[in-house]
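As structure tokens, the structure follows; a few thoughts come after it.
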Amino acid sequence: MTTKVIAQDKSKLWMAAIKPPMYSVAIIPIWVGTAVAIAETKMLHPGIFSIFLFSAILIIAWLNLSNDVFDSETGIDKNKAHSLVNLTGNKSLIFWLANLFLAIAILGIVAIAYLQQDLTVIGLVLLCCALGYSYQGPPFRLGYQGLGEIICLIAFGPLGVGAAYYSQAQTWSMKSLAASVIVGIATSLILFCSHFHQVEDDLAAGKLSPIVRLGTARGAQVLRWFGGSIYVLTALFVALGMFPMWTLLVFVSLPFTIGLLRHVNQYHDQPEKVSNCKFIAVAVHFWSGLMLGLGFVLAGI
């Protein structure tokens with residue numbers, strides 16, 4: 001019986017370390033960028049979409065693994081049982097596995113560039129990767145200065161969505177840029193929520209996350225504006241005629257956002273109870289991004 005419990009606990013730790021829900025962070029920018037391209041060009045290049053999606057998932061795997069490696073070097077993850085470095089006890093293995101994922105992902109992007117005879121997508125993706133590295137990687141570690149949310153917004157918003165749009169249309173679009181801001185905000189929401197339960201560990205490691213700087217109570221107040229902006233901006237862009245009416249489907253995700261705001265408002269200063277708020281934020285990100293993209297596709301059809 002004891003052996004079964006230990007095995008189950010170990011299995012849960014591995015699932016927490018691999019973070020399956022977080023891979024929607026890779027899917028949504030590609031989906032939304034492609035959806036805007038479908039609405040504007042009435043065309044889809046499924047092969048390019050599939051390659052880009054696969055590469056994006058591998059890039060997120062690289063980020064997750066490399067961040068575990070970099071965090072192990074600062075000691076911030078010493079109490080994190082589901083760190084891959086802590087689970088395996090082999091930092092070198094995780095580091096090189098992360099680099100392998102990145103190399104395969106870049107090969108996929110190179111394949112897209114070759115098919116299109118255009119290097120633009122490679123440049124955008126490499127810039128995304130550089131920003132991703134600067135978040136936790138030495139000597140930058142910009143996440144420790146509280147800049148992670150800004151990096152996240154840019155990398156998964158204008159750069160990520162823009163690269164996906166360009167891979168389909170090989171041009172630029174103001175609609176794509178506007179949509180990318182919403183995706184970037186929703187993605188940054190996940191990172192912002194991930195700080196509420198680890199204030200003590202962040203302080204001990206010298207990490208000045210937004211929640212360390214603001215405090216959990218003020219952070220919960222900022223979260224209301226942060227979450228609400230997804231819907232305010234969508235409605236504004238519809239009113240301005242930039243987005244089709246169908247994109248108001250994004251309001252389907254509103255119950256998840258309301259649930260997130262209530263949960264954080266109630267438990268912001270209770271680490272054990274607020275620790276799951278980042279997964280509610282993942283649901284907000286997924287459903288808002290899915291519905292936003294669907295709105296563009298329906299308008300295009």
Side-chain angles (χ1 to χ4, degrees), residues 19-39 49 53 56-57 60 149 152-158 160-162 164-165 175-196 210 219-268 274-301:
K19 305 179 183 77
M22 295 299 293
Y23 287 88
S24 65
V25 171
I27 295 167
I28 293 302
I30 312 306
W31 159 243
V32 172
T34 302
V36 178
I38 291 171
F49 174 75
L53 194 60
I57 289 170
I60 294 300
E149 281 70 16
C152 198
L153 192 153
I154 295 170
F156 292 97
V161 175
Y165 177 88
K175 284 184 182 179
S176 172
L177 180 60
S180 75
V181 173
I182 294 170
V183 173
I185 290 170
T187 311
S188 297
L189 197 73
I190 300 171
L191 183 58
F192 189 80
C193 287
S194 72
H195 300 305
F196 278 98
Q221 292 175 354
V222 170
L223 186 64
R224 296 174 195 169
W225 294 95
F226 211 7
S229 67
I230 295 171
Y231 308 96
V232 171
L233 286 174
T234 302
L236 175 63
F237 292 143
V238 169
L240 292 174
M242 291 184 67
F243 285 7
M245 285 289 293
W246 279 108
T247 57
L248 291 176
L249 281 169
V250 77
F251 279 83
V252 168
S253 67
L254 187 57
F256 293 100
T257 303
I258 292 171
L260 172 65
L261 300 183
R262 286 177 176 171
H263 183 75
V264 173
N265 187 60
Q266 184 174 359
Y267 299 117
H268 62 85
V274 80
S275 62
N276 67 328
C277 73
K278 64 183 176 183
F279 296 110
I280 307 175
V282 169
V284 172
H285 170 267
F286 176 77
W287 285 106
S288 62
L290 181 67
M291 292 296 109
L292 180 64
L294 181 60
F296 277 108
V297 171
L298 290 174
I301 295 173

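Expressed to the nearest 0.5 Å, how far CD1 of I230 lies from OG of S253 amounts to 6.5 Å. Rounded to the nearest 0.5 angstrom, K278 NZ and C193 SG are separated by 10.5 Å. Rounded to the nearest 0.5 angstrom, I190 CD1 and F279 CZ are separated by 10.0 Å. Taken to the nearest 0.5 Å, the CZ atom of R224 stands 4.5 Å off from the CG atom of N265. Separation of atoms CD1 (I60) and CD1 (I27) is listed at 10.0 Å; rounding is to 0.5 Å. Atoms CZ and CG, on F256 and L261 in that order, are 13.5 Å from each other to the nearest 0.5 Å.
In the model, E149 has a side-chain atom that pairs as donor or acceptor with a side-chain atom of H195 under 3.5 Å. Judged purely by distance below 3.5 Å, without hydrogens or angles, the side chains of Y231 and T257 pair a donor atom with an acceptor atom.
Minimum interatomic distance between L189 and A281 (heavy atoms only, all atoms of both residues): O-CB, 4.1 Å. For the pair A35 and V297, the tightest heavy-atom approach, listed with the atom from each and the gap, is CB-CG2, 3.7 Å. Heavy-atom minimum distance, K175 versus V36: CB-CG1, 4.0 Å.
Taking the ring centroids of F296 and F243, they lie under the 6.0 Å cut-off.
S176 is listed as a side-chain neighbour of V161, based on a closest heavy-atom distance under 4.5 Å. S188 places a side-chain heavy atom less than 4.5 Å from the side chain of F226. Using a 4.5 Å cut-off on side-chain heavy atoms (C-beta onward), L254 and I258 make contact. You'll find the side chain of Q266 stays beyond 4.5 Å of the side chain of V274, heavy atoms only. Side-chain contact between F192 and V222 is present, with at least one heavy-atom pair separated by less than 4.5 Å. In this structure, P244 and V238 have side chains that are not in contact, with every pair of non-hydrogen atoms separated by 4.5 Å or more. At a threshold of 4.5 Å between non-hydrogen side-chain atoms, the residues L298 and L249 count as touching. Between I30 and F49 the shortest side-chain heavy-atom distance falls below 4.5 Å.
V25 pairs with exactly one of T187, V282, I57 by the side chain to side chain contact (heavy atoms under 4.5 Å, CB included) rule, that one being T187.
Panel note: side chain W31, backbone L290; a donor-acceptor pair is recorded below 3.5 Å.
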Evaluation steps, side chain to side chain contact (heavy atoms under 4.5 Å, CB included), between L294 and W246: CA-CA 8 Å; L294 181 60; W246 279 108; over 6 Å; no

Evaluation steps, side chain to side chain contact (heavy atoms under 4.5 Å, CB included), between H285 and S24: CA-CA 8 Å; H285 170 267; S24 65; 3.8 Å; yes

CA sep, side-chain torsions, deciding dist, call: V264, F196, side chain to side chain contact (heavy atoms under 4.5 Å, CB included): CA-CA 8 Å; V264 173; F196 278 98; 3.6 Å; yes

